[in-house]
Participant: 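Quick one: structure below, then a few questions.
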Amino acid sequence: MAHWLFKSEPDVFSWEMLLAKGKTGEEWSGIRNYQARNNMRAMKLGDKGFFYYSNQGKAIVGIVEVCKLAHRDSTSHVDSWDCVDIRAASGLPKPVSLETIKTDRRLADMVLVKNSRLSVQPVTSEEWEIVCALGGVKA
DNA sequence: GCCAACGTTGGC
DNA sequence: GCCAACGTTGGC
């Protein structure tokens, strides 16, 4: 199973809002970046991802699950933009801050550190396990 | 609020 | 196809 990271600004779309969407989840629309889109196209049902707060919060606060494969982004007027749907899987007992990630040498190669602007990122299984451990959940 | 990093656009 | 100009993102 592949692992991912989804960024969201908490005042735009928060973890609580995703939780409120329940099992149906949320269409992760509005992504207008080819790399991010290609990452979503590569996702499989059941793939897990981190839910990261950018700008405000700057921490991984939860774990999400891909619940619908990539499809046409309903908010796009052109057919070049696709997105998946995601739903909340579990919250992190201990949110893992960007500061923590940056100071952990094992996480120095995370895309979040190397290319912080990419809004949908791949996460290696090693990174996944380390962050899960830091966050107080089983990988 | 600033600015570095990155992606996109458009003129040539 | 190159690259300067511009816009956006996101950490600080």
Side-chain angles (χ1 to χ4, degrees):
Chain A
M1 202 213 297
H3 296 100
W4 312 94
L5 182 144
F6 297 83
K7 284 197 300 202
S8 186
E9 294 185 47
D11 48 357
V12 177
F13 192 83
S14 68
W15 174 251
E16 286 72 24
M17 290 164 81
L18 186 61
L19 269 180
K21 298 282 182 172
K23 284 207 161 104
T24 315
E26 174 80 359
E27 181 187 18
W28 207 243
S29 58
I31 304 293
R32 300 291 182 266
N33 172 283
Y34 292 107
Q35 252 183 292
R37 181 206 63 187
N38 292 343
N39 286 335
M40 289 197 284
R41 283 182 175 174
M43 293 179 186
K44 302 216 164 63
L45 279 181
D47 274 2
K48 296 281 174 58
F50 290 128
F51 193 82
Y52 174 78
Y53 277 164
S54 63
N55 279 323
Q56 312 276 318
K58 280 176 289 180
I60 293 170
V61 296
I63 290 173
V64 302
E65 185 182 11
V66 175
C67 59
K68 194 171 180 186
L69 289 173
H71 55 87
R72 169 79 179 272
D73 182 330
S74 69
T75 67
S76 173
H77 300 295
V78 293
D79 63 6
S80 46
W81 300 116
D82 297 342
C83 66
V84 296
D85 286 17
I86 59 173
R87 65 182 172 215
S90 67
L92 282 198
K94 292 184 291 179
V96 180
S97 70
L98 179 63
E99 197 188 355
T100 300
I101 290 167
K102 284 194 145 179
T103 51
D104 194 315
R105 249 187 252 126
R106 300 170 298 169
L107 300 174
D109 288 331
M110 271 191 85
V111 179
L112 196 62
V113 178
K114 286 279 176 72
N115 181 10
S116 61
R117 290 189 46 187
L118 185 58
S119 53
V120 179
Q121 316 178 351
V123 172
T124 69
S125 42
E126 290 79 16
E127 292 159 355
W128 182 263
E129 285 179 22
I130 292 164
V131 173
C132 282
L134 291 171
V137 288
K138 280 183 71 177

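Keep in mind that the numbers below use all heavy atoms, side chains included, and drop hydrogens, waters and symmetry copies. Every chain is numbered from 1, with letters handed out A, B, ... down the list of sequences.
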Participant: Would you please classify the geometry between the A:Trp128 ring and the A:Phe50 ring as parallel, tilted or perpendicular, with 30° and 60° separating the classes?
Facilitator: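 Answer is parallel, since the angle falls under 30°.
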
Participant: Considering only heavy atoms from C-beta outward, does the side chain of A:Val84 approach that of A:Asp47 to under 4.5 Å?
Facilitator: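 No - every pair of side-chain heavy atoms lies 4.5 Å or more apart.
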
Participant: Quick one: closest heavy-atom pair of A:Phe51 and A:Ser8, and the distance?
Facilitator: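 What the structure gives for the nearest pair is CZ-CB, 3.7 Å.
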
Participant: Using a 4.0 Å heavy-atom cut-off, write out nucleotides 7-12 of chain C from 5' to 3' as B (base contacted by protein), S (sugar-phosphate only) or - (no contact).
Facilitator: BBBBBB

Participant: Can we say A:Lys114 and A:Asp109 salt-bridge, meaning some charged N sits less than 4.0 Å from an Asp/Glu carboxylate O?
Facilitator: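 Yes, this pair counts.
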
Participant: Which pairs, with at least one residue in residues 76-114 of chain A and sequence neighbours excluded, count as a ring-ring contact (aromatic ring centres under 6.0 Å, His included)?
Facilitator: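 Of all non-adjacent pairs touching residues 76-114 of chain A, those that pass ring-ring contact (aromatic ring centres under 6.0 Å, His included) are A:Tyr34-A:Trp81.
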
